[in-house]
Amino acid sequence: MDAREYDLPVFHRQGFSRRTCVRCGAAFWTTGDSDRCQEAPCAPYAFLGHSPFNRPRSVDELREEYLAFFEQRGHQRVRRYPTVARWRNDVFFTQASIYDFQPWVTSGAIPPPANPLTISQPCLRFIDLEEVGRSGRHFTLFEMLAHHAFNRPDHEVYFKDRTVELCHELLTQTFGVDGRLVTYKEEEWEGGGNLGPSLSVGVLGLEVATLVFMEYVRAGDLVEPMPLTVVDTGYGLERLTWLSHGSHNAYEAVFGRAYEELRQTFAPTETAVLIDHARALNFLLTDGVVPSNSKDGYFARLLLRRMLRVLAKAPEAPTLAEVLDRVGRDAARHFPELGAHRDDLHRVVAAEVERYDEAIGRAREQVRRAEERSERVGTRITGEDLVAWYDSWGLPPDLAVQSLKNPPEVPKDFYALLAARHEKEARETDYTEGTRGLPKVPESLPATEVLYYGDPYTLQFEAHVLHVEGPYVVLDRTFFYPTGGGQITDTGRLGDANVVEVAKSGRWVLHRLEAPSTLHVGDRVRGHIDGGRRTQLMQHHTATHLINGALRELLGPHVWQAGAYKGTESARIDVTHFRALSTAELKAVERRVNQVVREDRPVKSYFESRGEAERRFGFGLYQGGAVPGRELRVVEVEGFDVEACGGTHCTHTSEVGLVTLLGSERIQDGIVRLSYAAGERALDVVEGHRSLLNDAARSLGVAPEQLLHAIGRLQRDVEEARATAKSQALEDLATTADRLAADASASIEAHGVRVTAARLALDKSGLMEVSRRLTRGQGRVAVLASESEGRGLLFVGSTAPSVPALAVLEAARARFSGKGGGNPSSATAVGEPGSPLDVALAAAREAALQLATGGAAPSGATKALP
RNA sequence: GGGCACGUAGAUCAGCGGAAGAUCGCUGCUUUCGCAAAGCAGAGGCCGGGGGUUCAAAUCCCCCCGUGUCCA
């Protein structure tokens with residue numbers, strides 16, 4: 001980046017000079033005489049025990065001071081955004097304050113909530129999870145203090161010069177830091193296709209802020225200026241607080257009393273993990289993450305389990321919930337929402353603690369068995385096993401070592417080995433997702449005016465054709481609802497042609513006709529929407545909002561919509577919840593929804609600016625996920641549920657009609673699905689159930705009330721019949737065996753070995769059963785043959801040590817070109833079709849006798865005795 | 001979204017190419033005034049589902065379904 005980017009007037013006004021760090025070689029600006037930039041690792045922490053601040057501050061004091069400082073200098077204070085970035089779908093968590101304004105504000109699509117603004121944004125970063133407690137300065141959740149300015153060509157707020165000026169004033173005037181201790185290191189910055197200069201602010205070895213200037217956009221190899229430039233600053237609240245204390249580590253300074261309390265029981269590193277994770281979890285759970293085994297839920301589980309592992313080390317330890325509450329109480333002083341739904345948070349945590357105990361119990365059992373097995377086989381448990389156990393059972397190596405009698409060393413590179421097991425994951429996934437095959441609409445075409453938002457009842461309208469391509473027609477205005485937001489397409493007619501699908505593409509609505517359209521641009525055409533279908537979709541869509549509202553009301557605010565589908569026959573919603581729903585819960589949801597239907601509440605759908613809607617209703621609006629646009633369409637079921645939604649909705653809840661639940665299932669860890677039908681379809685379902693019941697009862701010849709009883713009887717009958725059939729079959733086999741045993745001509749006895757040979761008409765399992773009975777007791781050999789599906793089957797069973805079944809079989813196998821094998825106690829062979837089974841049987845019998853009398857088995861090549 | 005592990009009797013699990021097992025629980029008998037306990041006997045299995053390989057599959061391979069776990 002060009003050095004001129006950093007040659008700011010403010011540096012000259014205030015007597016800065018540009019220097020080069022003797023350690024890292026980077027250029028930096030300072031009023032002091034340091035020969036290195038004041039950041040790790042170039043400069044050591046020089047503030048420990050010697051804070052450069054005029055006095056120590058608590059986090060609350062420092063945050064307030066910061067926000068007030070910028071407020072007094074023309075900035076407007078903005079409330080924090082959720083730590084879970086629901087308004088965007090490219091990341092799970094808010095990792096910096098600028099995330100709040102990406103992509104809609106930074107791209108210029110919508111105005112910022114204020115300009116310039118200042119904010120303290122809790123951010124989550126899991127990249128340094130392992131460093132928490134070790135380094136003394138890492139946090140999974142930290143607050144990014146920031147001031148942002150968004151400059152448009154027609155409205156310049158301020159840029160680099162003023163930003164540096166403000167930073168230096170804050171540090172020196174407000175915090176009382178000697179300006180000569182501060183360095184501004186030049187750094188290039190690039191991300192998300194944007195780039196620009198940035199300054200990293202260091203004080204006595206600690207980086208306390210980064211001043212980023214979004215100025216250019218990368219287009220291939222070219223770097224072009226952005227139409228909208230952004231001041232993106234980030235000051236570490238925790239680091240500034242730490243600096244103001246000059247304490248041994250950041251955690252003491254940030255958490256104060258709560259840290260000291262936990263230190264009574266835990267080592268410094270453990271305390272840091274507990275307190276950091278507890279704060280992060282308070283935000284995560286309050287912002288609606290349900291712990292699970294994938295996606296954002298996994299990170300909540302990870303933090304939770306890491307805390308549980310630490311807590312388990314001390315018998316006197318407080319419970320997880322107690323630690324969460326203690327830390328949450330402090331954080332709630334500035335973020336009162338953290339205390340708002342303690343009960344719900346406790347329920348989520350309790351379920352998770354239970355799961356953890358189960359998982360560890362299971363894993364311990366696995367370890368016990370693995371050790372038994374290895375003792376039996378004579379192998380040793382290795383470090384590799386520890387890695388595998390953690391990966392497969394979630395058993396941390398220290399716990400595994402605890403429960404082993406002869407534990408191996410935990411490999412030094414445990415996490416590297418773990419990572420190696422996951423290397424294959426990087427395999428390319430095929431993203432050639434089915435292109436929708438919609439035609440390109442000329443950019444010059446004016447946007448389709450969508451009328452269904454304002455009026456979901458109009459089913460006939462006139463419009464002009466703007467564009468035609470094959471079966472696709474674009475109109476200047478339309479009442480047809482295109483597939484979207486989980487609601488499927490409207491159908492109907494356009495002129496004489498059937499509309500089979502409607503899709504939204506950019507600013508246009510495309511109507512797909514059954515056949516290539518005969519319409520021409522400029523034609524006036526009459527649209528006709530299938531009203532029955534539309535009504536049903538509206539009922540299902542509004543019902544979905546009612547169900548979501550009822551679930552949040554009954555289960556708690558951790559419930560978030562995770563997907564939905566509204567069809568003509570039924571609809572379903574997926575929501576986050578920590579366990580499957582009970583029958584009682586389902587009943588309660590159904591009752592509540594139908595109650596709201598009967599209350600006939602107004603359902604208002606209207607557009608509102610994004611900022612205003614977020615301010616009035618919070619981020620719970622984004623139940624359906626991130627939605628684009630400057631304005632949000634708000635669908636508000638009065639006093640019950642508010643969501644940003646583009647669907648067609650009833651205007652009063654009574655229009656939804658009956659809502660009946662069809663079922664619920666747990667589709668993933670942390671996600672349950674409810675299926676239901678509303679309106680006419682709900683009646684269809686009820687009717688269907690009734691006739692099913694009646695038909696079932698009639699087919700059993702009983703009254704519907706008697707159905708269960710009749711089925712029970714039927715089941716018993718079937719079981720009995722099956723049992724008798726089975727015992728009959730066994731009895732038949734027993735009879736066969738007995739007859740053979742009694743038949744003197746079937747058996748020969750030699751040297752205490754009785755050989756019984758016979759040809760039977762049984763399948764393989766029949767032969768096996770007869771053999772089993774003939775060879776009860778020692779010194780018995782059974783040689784049985786049968787024809788099964790045209791192929792000869794030879795079975796040898798033996799309890800005579802001198803007559804191994806396999807040896808007998810080997811002797812006879814070649815006789816009927818059979819394939820087979822076995823062991824000393826049993827052997828089977830199957831012959832080619834048409835092979836001489838009797839010859840094989842005789843040969844096997846002879847072989848058995850010879851073995852019994854001490855002779856070697858005749859080889860298959862010798863002739864069978866007559 | 002991906003990797004790994006696991007689905008066998010009512011429960012917990014063993015077996016991991018050659019005739020489906022153990023422990024607990026259950027039923028009956030013996031013993032006891034009765035209970036507990038013990039002994040003996042017995043019932044209970046589409047070895048998660050579907051394909052494939054093999055003379056032979058609970059066992060090996062592939063695809064589903066379910067559970068758990070780790071990672072992004």
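We name chains A, B, ... by the order of the sequence lines, and we start the count at 1 in each one. What's counted below: heavy atoms across the whole structure, side chains too, no hydrogens, waters or symmetry copies.
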Report which part of the nucleic acid [X] touches: base, sugar-phosphate, or nothing (heavy-atom distance under 4.0 Å, all strands).
X	value
A:Arg368	nothing
A:Ala829	nothing
A:Gly820	base

Is the distance from OP1 or OP2 of [N] to the nearest side-chain N or O of [X] less than 4.0 Å?
X	N	answer
A:Arg301	B:rU69	yes
A:Arg813	B:rC55	no
A:Arg421	B:rC70	no
A:Lys295	B:rA72	no

Atom pairs, protein N/O to nucleotides 47-53 of chain B N/O, distance under 3.5 Å:
none

Please list, pair by pair, any protein nitrogen or oxygen found under 3.5 Å from a nitrogen or oxygen in nucleotides 19-23 of chain B.
residue	atom	partner	partner atom	Å
B:rA19	OP2	A:Asn823	ND2	3.1
B:rA19	OP2	A:Ser826	OG	3.3
B:rA19	O2'	A:Arg772	NH1	2.5
B:rA19	N6	A:Ser825	O	3.4
B:rA19	N1	A:Ser771	OG	3.0

_In terms of relative ring orientation, are A:Phe299 and A:Phe93 parallel, tilted or perpendicular, with 30° and 60° separating the classes?_
perpendicular
From the set [options], return the single nucleotide nearest to any side-chain atom of [X].
X	options	value
A:Trp393	B:rA14, B:rC70, B:rC6	B:rC6
A:Asp391	B:rC13, B:rC70, B:rC4	B:rC70
A:Ser392	B:rA56, B:rA5, B:rG2	B:rA5

*With sequence neighbours left out, what residues match A:Arg301 under salt bridge (charged side-chain N to carboxylate O under 4.0 Å, His left out)?*
A:Glu352, A:Asp669
Could you tell me the separation between the [atom1] atom of [X] and the [atom2] atom of [N], rounded to a whole number of Å?
X	N	atom1	atom2	value
A:Lys819	B:rG17	NZ	C1'	16 Å
A:Gln95	B:rA72	CD	P	12 Å
A:Leu806	B:rC55	CG	C1'	13 Å

*So, is the end of the A:Arg88 side chain (NZ or CZ) under 6.0 Å from the ring centre of A:Tyr99 and within 45° of the ring's axis?*
yes
*Please identify each residue that fulfils ring pair (Phe, Tyr, Trp, His ring centres under 6.0 Å) with A:Trp560, with sequence neighbours left out.*
none
*When A:Thr83 is tested against each of A:Thr286, A:Asn282, A:Asp287 for side-chain hydrogen bond (donor to acceptor under 3.5 Å, both in side chains), which residue passes?*
A:Asp287
_Does A:Asn293 contact B:rU69 through a side-chain donor or acceptor facing the base, at a distance under 3.5 Å?_
yes
_Taking Watson-Crick (N1-N3 plus N6-O4 or O6-N4) and G-U wobble (N1-O2, O6-N3), each under 3.5 Å, can you produce the dot-bracket string of RNA chain B? Use [ ] for crossing pairs and | for inter-strand ones._
(((((((..((((....[..)))).(((((.......))))).....(((((..]....)))))))))))).
_Between A:Asp391 and A:His422, is the side-chain hydrogen bond (donor to acceptor under 3.5 Å, both in side chains) condition met? List the steps._
CA-CA 9 Å; A:Asp391 201 14; A:His422 286 272; 3.0 Å; yes
Listing time: all N or O pairs from protein to nucleotides 63-67 of chain B that are below 3.5 Å?
residue	atom	partner	partner atom	Å
B:rU67	OP1	A:Arg666	NH1	3.3

